[in-house]
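Okay, so here's the structure we're looking at.
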Amino acid sequence: MKKSTLAAIFATLFASLPLAYGADLNVGLASSTTSMDPQFYVGGPNSAMARNIFDGLVIQDEKQQITPALAVSWKVIDDTTWEFKLRPNVKFHDGTDFGAKDVIASVKRVALASKNSPSSYAPYVSDITEVTEVDPLTVKITTKTAAPLLLNNLSRISIMPARLENVPSQTLNSGKDVIGTGPFKFVSWTPDDNVVLERFDDYWAGKAAWEKVTIRVFKNSSARVAAMLSGDVDLIENVPTADNRNIEKNTALRSVSTPGNRIMYLHMDQERDVSPFAAGPDGKNPLLKTDVRQAMSLAINRQALVDRIMDGQGVPASQLVPQGYFGYSANIPAPVYDPVKAKQKLAAAGYPDGFTLTFHASNDRYPNDSKLAQAIGQMFSRVGIKTDVVTMPGSVYFSRASKLEFSLIMGGAAVETGEASGVLGPLLETFGPNAGQGNRGRYSSEAFDKALIAARSTLDDAKREQLLVAATDIAMKDVGVIPVLFLSNTWAMKKQYNYVGRSDGYTLPYFVTESK
């Protein structure tokens with residue numbers, strides 16, 4: 001999409017919002033924010049909460065496409081220089097004017113906020129060497145090298161008043177100085193319980209429909225659903241698959257489901273000749289062979305997993321990003337279930353009678369993860385791969401998987417940046433000190449790495465997308481991982497309410513509307 005059209009699209013999006021009704025909204029979330037500092041900890045609940053109070057120079061829309069926010073336009077001056085024109089007449093919640101100095105201070109503050117963070121925002125500004133003021137409504141950003149993902153990265157950085165540059169996270173967590181330019185002002189936060197917000201009438205994109213928003217946390221899914229059924233809340237997120245069909249039958253309620261950005265995938269040991277939990281008759285690792293990995297993919301009935309295990313809340317996957325995302329490859333066909341061909345592939349690989357395998361997975365990290373693993377294990381067994389399934393709590397499982405203690409694992413990865421390199425790099429790039437940190441199968445391809453690395457330094461959008469598609473095509477042909485399905489994000493709400501589902505799963509009250 002051309003950048004010149006983004007401002008018009010963004011204006012149209014907000015023009016479609018209703019006028020303020022002056023009502024209150026009660027929302028039930030599945031997880032609590034862990035900090036009111038929007039620059040402290042990268043995590044879905046924190047990022048979603050920050051979007052209620054703060055804006056970035058740019059933000060991601062419901063499909064994670066970049067749209068203008070506090071910057072109305074931008075241009076690339078040269079390979080390492082970008083210029084951003086800032087939105088005029090924007091106010092912070094404390095009444096002060098927004099301008100270039102706030103952008104400069106906010107980028108600088110990330111280093112302070114990153115101290116002692118379990119997952120910091122520092123990587124999102126690591127390419128930036130300098131932010132300078134051209135005039136009060138123009139900033140210039142200089143990067144170390146060509147940084148084609150600068151906009152994606154800046155969408156994660158909340159802009160705060162310049163005076164807060166040296167204010168630590170503890171201050172914001174105390175409830176002081178939680179000040180942004182977003183649609184709602186901060187009122188109070190009780191950790192693991194609730195956040196209260198009130199409407200910011202001077203919001204640059206138009207007043208919210210809600211004077212007050214009370215966001216309550218229900219970590220227990222049953223309690224969250226019960227609050228919805230009793231009418232204690234107006235909307236909830238993360239509806240369990242087992243409950244969604246009953247909610248759809250309730251005439252007082254409605255649900256909204258949209259394909260999410262989280263891919264469930266399988267990683268196979270592609271490094272060791274002898275693997276701890278995969279062995280053919282000769283004792284060697286069958287997972288090293290492409291034909292075997294292709295057979296495993298053919299053995300999976302993804303639609304059955306979506307229909308029977310996920311109660312329809314998922315989309316079968318044949319690559320790592322959903323259709324419509326930057327870097328999606330139209331060259332890769334839809335996933336095929338063909339157990340006969342799977343057996344033929346196994347025979348061609350030298351395993352006419354199959355082999356033995358233990359499949360490890362988590363049992364508390366993703367929706368129905370244990371059930372998915374059990375079902376996939378049964379599908380493998382039906383084509384001759386004698387599969388045992390072992391599941392365990394995520395707190396144990398992921399550390400052991402990272403130590404390569406297993407031969408076949410199931411994981412999930414979200415496309416946080418909204419484009420393909422956000423998952424291709426972590427999951428498939430050749431493992432090293434600064435690469436492939438989530439590559440627990442140790443897949444390695446020189447051609448894949450070359451295309452991905454080139455994409456990261458290519459500013460031209462069309463050329464960069466071609467490189468990402470090429471990298472995807474290589475990895476999927478090699479079956480570097482086996483994509484299984486994209487999890488859907490589902491919300492339930494009272495019938496008179498509407499919410500456009502988001503691929504990132506964020507619940508943003510500003511976009512909740514009510515039919516009158």
query: After noting the C-alpha distance and the side-chain angles of Phe218 and Val225, does the key distance pass the side chain to side chain contact (heavy atoms under 4.5 Å, CB included) rule?
result: CA-CA 9 Å; Phe218 300 90; Val225 172; over 6 Å; no
Taking all heavy atoms of [X] and all of [Y], pick out the closest pair and write down the distance.
X: Ala373; Y: Ala361; result: CB-CB, 3.6 Å
X: Ile247; Y: Val239; result: CD1-CG1, 3.8 Å
X: Ser169; Y: Asp37; result: OG-OD2, 2.6 Å
X: Glu237; Y: Gly505; result: OE1-O, 4.0 Å
X: Ala113; Y: Gln39; result: CB-O, 3.3 Å

task: Please test Ile474 against Phe448 for side chain to side chain contact (heavy atoms under 4.5 Å, CB included), starting from the C-alpha separation and ending with a verdict.
output: CA-CA 6 Å; Ile474 292 166; Phe448 170 86; 4.0 Å; yes
field: From Lys494, Arg254, Arg216, residue fulfilling salt bridge (charged side-chain N to carboxylate O under 4.0 Å, His left out) relative to Asp234
entry: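 Answer to the salt bridge (charged side-chain N to carboxylate O under 4.0 Å, His left out) test with Asp234 among Lys494, Arg254, Arg216: Lys494.
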- prompt: Who are the side chain to side chain contact (heavy atoms under 4.5 Å, CB included) partners of Pro118, not counting sequence neighbours?
  reply: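 Per chain and number, Pro118 pairs via side chain to side chain contact (heavy atoms under 4.5 Å, CB included) with Phe40, Tyr41.
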task: Could you pull out all residues at least two apart from Ser318 that satisfy side chain to side chain contact (heavy atoms under 4.5 Å, CB included)?
output: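 Testing Ser318 for side chain to side chain contact (heavy atoms under 4.5 Å, CB included), a comparison that skips the adjacent residues, returns Ile332, Pro335.
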query: Should the pair Arg400-Glu405 be classified as a salt bridge under the 4.0 Å nitrogen-to-oxygen rule?
result: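 Salt bridge between Arg400 and Glu405, a charged N being under 4.0 Å from a carboxylate O: yes.
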message: Please determine whether a side-chain nitrogen of the Lys or Arg among Asp269 and Arg440 lies less than 4.0 Å from a carboxylate oxygen of the Asp or Glu.
response: no
query: Would a line drawn from the ring center of His360 to the ring center of Phe277 be shorter than 6.0 Å?
result: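 Yes; Phe277 has its ring centre under 6.0 Å from that of His360.
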query: Do any pairs count as a ring pair (Phe, Tyr, Trp, His ring centres under 6.0 Å) and have a residue in residues 227-257, sequence neighbours left out, and if so which ones?
result: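 Passing the test, one end in residues 227-257: no pairs.
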query: Side chain of Arg302, backbone of Ala317: donor and acceptor closer than 3.5 Å?
result: yes
- prompt: Backbone N or O of Leu372 within a donor-acceptor pair of the Asn368 side chain at under 3.5 Å?
  reply: no
